[in-house]
Amino acid sequence: MLIQPTEKNDDNDDIVQWVRNGIAVRVFGEAADASNSVAAEIASLIRQRADDGEQCILGLATGSTPVRVYRELIRLHREENLSMKNVVTFNLDEYFPMKPNAAQSYVRFMNEQLFDHVDISPDNIHIPDGTVTPDRVTEYCQQYEDAIDTAGGIDLQLLGIGRTGHVGFNEPGSEQASTTRLVRLCEITRTDAAKDFGGLEKTPQLAITMGVGTILRSRRIRLLAFGEHKSAIVERSVQGAISDSVPATYLHDHGNVEFVLDSAAASKLNPSTADVSH
Ligand code: F6R
């Protein structure tokens with residue numbers, strides 16, 4: 001069994017970590033500590049790039065999982081001088097169609113949860129546009145890909161995971177080489193989103209999402225998952241074989257992926273099956 005030596009965090013809590021199928025798994029007792037650890041890594045990357053006079057390109061996620069990371073980045077901005085002036089962001093996805101000012105829009109989510117509270121330039125923010133007309137979506141998605149490449153590629157991509165194993169909105173059946181495109185959401189994903197839309201029938205069927213291939217081009221990937229309800233899909237994603245039926249398994253081959261979990265989300269993992277080569 002090759003569990004790496006246990007680290008301590010600032011509160012002297014144990015962080016257990018091991019590698020399986022090329023994925024570094026880090027397990028914290030609490031989601032708050034896991035979130036603060038990822039926020040600290042992001043802040044360090046932003047500062048390092050600023051010291052080098054460079055921009056830091058972040059891929060961002062929405063949903064309940066990254067909220068505490070954003071809260072900690074806001075605290076670091078207010079209390080510890082973290083500037084986001086050199087940060088360029090690309091969000092993973094947006095419902096389609098979706099007006100930016102609608103209650104459920106990811107534009108609104110990102111403004112409320114992060115952008116309105118830090119010094120990022122509005123010109124540096126990119127979120128898939130849910131108002132593009134259907135006849136222009138393909139062209140628009142290619143432009144989104146091009147914008148990521150023009151910015152120099154994503155330094156660090158933050159991910160959550162859906163109960164279907166989706167990353168972004170790449171549902172089961174997505175191809176490893178897929179790029180930004182219009183996709184149909186699974187019923188499980190729509191059911192999970194229905195509370196935000198006031199019922200399943202009002203929940204969008206479609207979304208624009210970065211592809212699996214887009215995500216895999218990122219230099220670092222940090223996937224967060226918290227809570228017992230994520231434990232089964234986390235287990236399949238880390239310990240299962242690579243398969244389009246669980247798109248998160250495509251992360252196995254990337255080379256710089258960490259799953260940052262609380263103990264509830266990690267509860268079905270078996271550290272004794274860690275990779276021998278790590
Ligand atoms: C959101 C996204 C999705 C979510 C996933 C988990 O931008 O891309 O993959 O990360 O559905 O959502 P939560 O965090 O609400 O459980």
Side-chain angles (χ1 to χ4, degrees), residues 31-32 34-35 38-39 58-71 89-96 98 100 102-115 125-130 141 144 148 154 156-174 178-197 200 203-216 218 221-234 236-237 246-251 257-262 264-266:
S35 302
V38 171
L58 298 178
L60 298 181
T62 55
S64 58
T65 307
V67 165
R68 274 168 287 214
V69 174
Y70 299 148
R71 207 176 291 160
T89 62
F90 289 91
N91 262 77
L92 283 164
D93 41 26
E94 176 60 287
Y95 293 109
F96 187 88
M98 179 56 67
Q104 306 86 355
S105 98
Y106 285 166
V107 171
R108 186 161 173 167
F109 175 97
M110 289 307 304
N111 288 339
E112 290 177 354
Q113 299 297 330
L114 181 63
F115 298 145
I125 295 169
H126 305 83
I127 301 177
D129 183 354
C141 290
Y144 202 74
I148 293 171
I154 292 171
L156 188 151
Q157 175 68 56
L158 202 55
L159 296 176
I161 185 167
R163 289 192 301 136
T164 59
H166 71 217
V167 286
F169 277 137
N170 293 285
E171 299 283 24
S174 297
S178 54
T179 55
T180 303
R181 68 206 188 285
L182 189 64
V183 294
R184 187 163 292 280
L185 298 170
C186 282
E187 282 307 290
I188 296 175
T189 300
R190 291 183 63 238
T191 305
D192 286 347
K195 59 181 179 324
D196 297 331
F197 287 91
L200 189 59
T203 306
Q205 311 262 0
L206 304 175
I208 295 177
T209 183
M210 280 187 199
V212 176
T214 322
I215 292 168
L216 290 174
S218 310
I221 298 174
R222 301 294 177 256
L223 184 148
L224 282 81
F226 304 137
E228 214 281 322
H229 64 297
K230 296 287 175 79
S231 62
I233 197 62
V234 164
R236 290 180 72 196
S237 302
V246 181
T249 58
Y250 287 130
L251 301 173
V257 178
E258 282 182 17
F259 275 38
V260 185
L261 311 172
D262 66 359

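The first residue of the sequence shown is numbered 1, and numbering continues consecutively from there. Values below: all heavy atoms of this structure, side chains included; hydrogens, waters and symmetry mates excluded. Keep in mind the model is a prediction, meaning the values are calculated, not measured. In listed order, ligands and their atoms are each counted from 1.
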Checklist entry - Rounded to the nearest 0.5 Å, what separation is found between the CG atom of D129 and the CD1 atom of I208? => result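 With rounding to 0.5 Å, CG (D129) is 7.0 Å from CD1 (I208).
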
Checklist entry - Do you see a donor-acceptor pair shorter than 3.5 Å between the side chains of H166 and T189? => result yes

Item to check | Residue pair S174 / R181, side-chain donor-acceptor N/O under 3.5 Å | outcome: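 A pair is found: one side chain offers a donor N or O, the other an acceptor, under 3.5 Å apart.
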
Next on the checklist: Counting only heavy atoms and a distance below 4.0 Å, can you name the residues contacting ligand 1?
Outcome noted: A61, T62, G63, S64, T65, L92, D93, G160, I161, G162, H166, G168, K230

Item to check | Exercise: identify the closest heavy-atom pair between V212 and N170 | outcome: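 Closest approach of V212 to N170: N-OD1, 3.5 Å.
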
Checklist entry - For the side chain of R190 and the backbone of T203, is there at least one donor-acceptor N/O pair under 3.5 Å apart? => result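 Flag set: sc R190 to bb T203 pair under 3.5 Å.
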
Next on the checklist: Could you check whether any side-chain heavy atom of L223 comes within less than 4.5 Å of a side-chain heavy atom of V260, counting everything from C-beta outward?
Outcome noted: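 No, side chains not in contact.
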
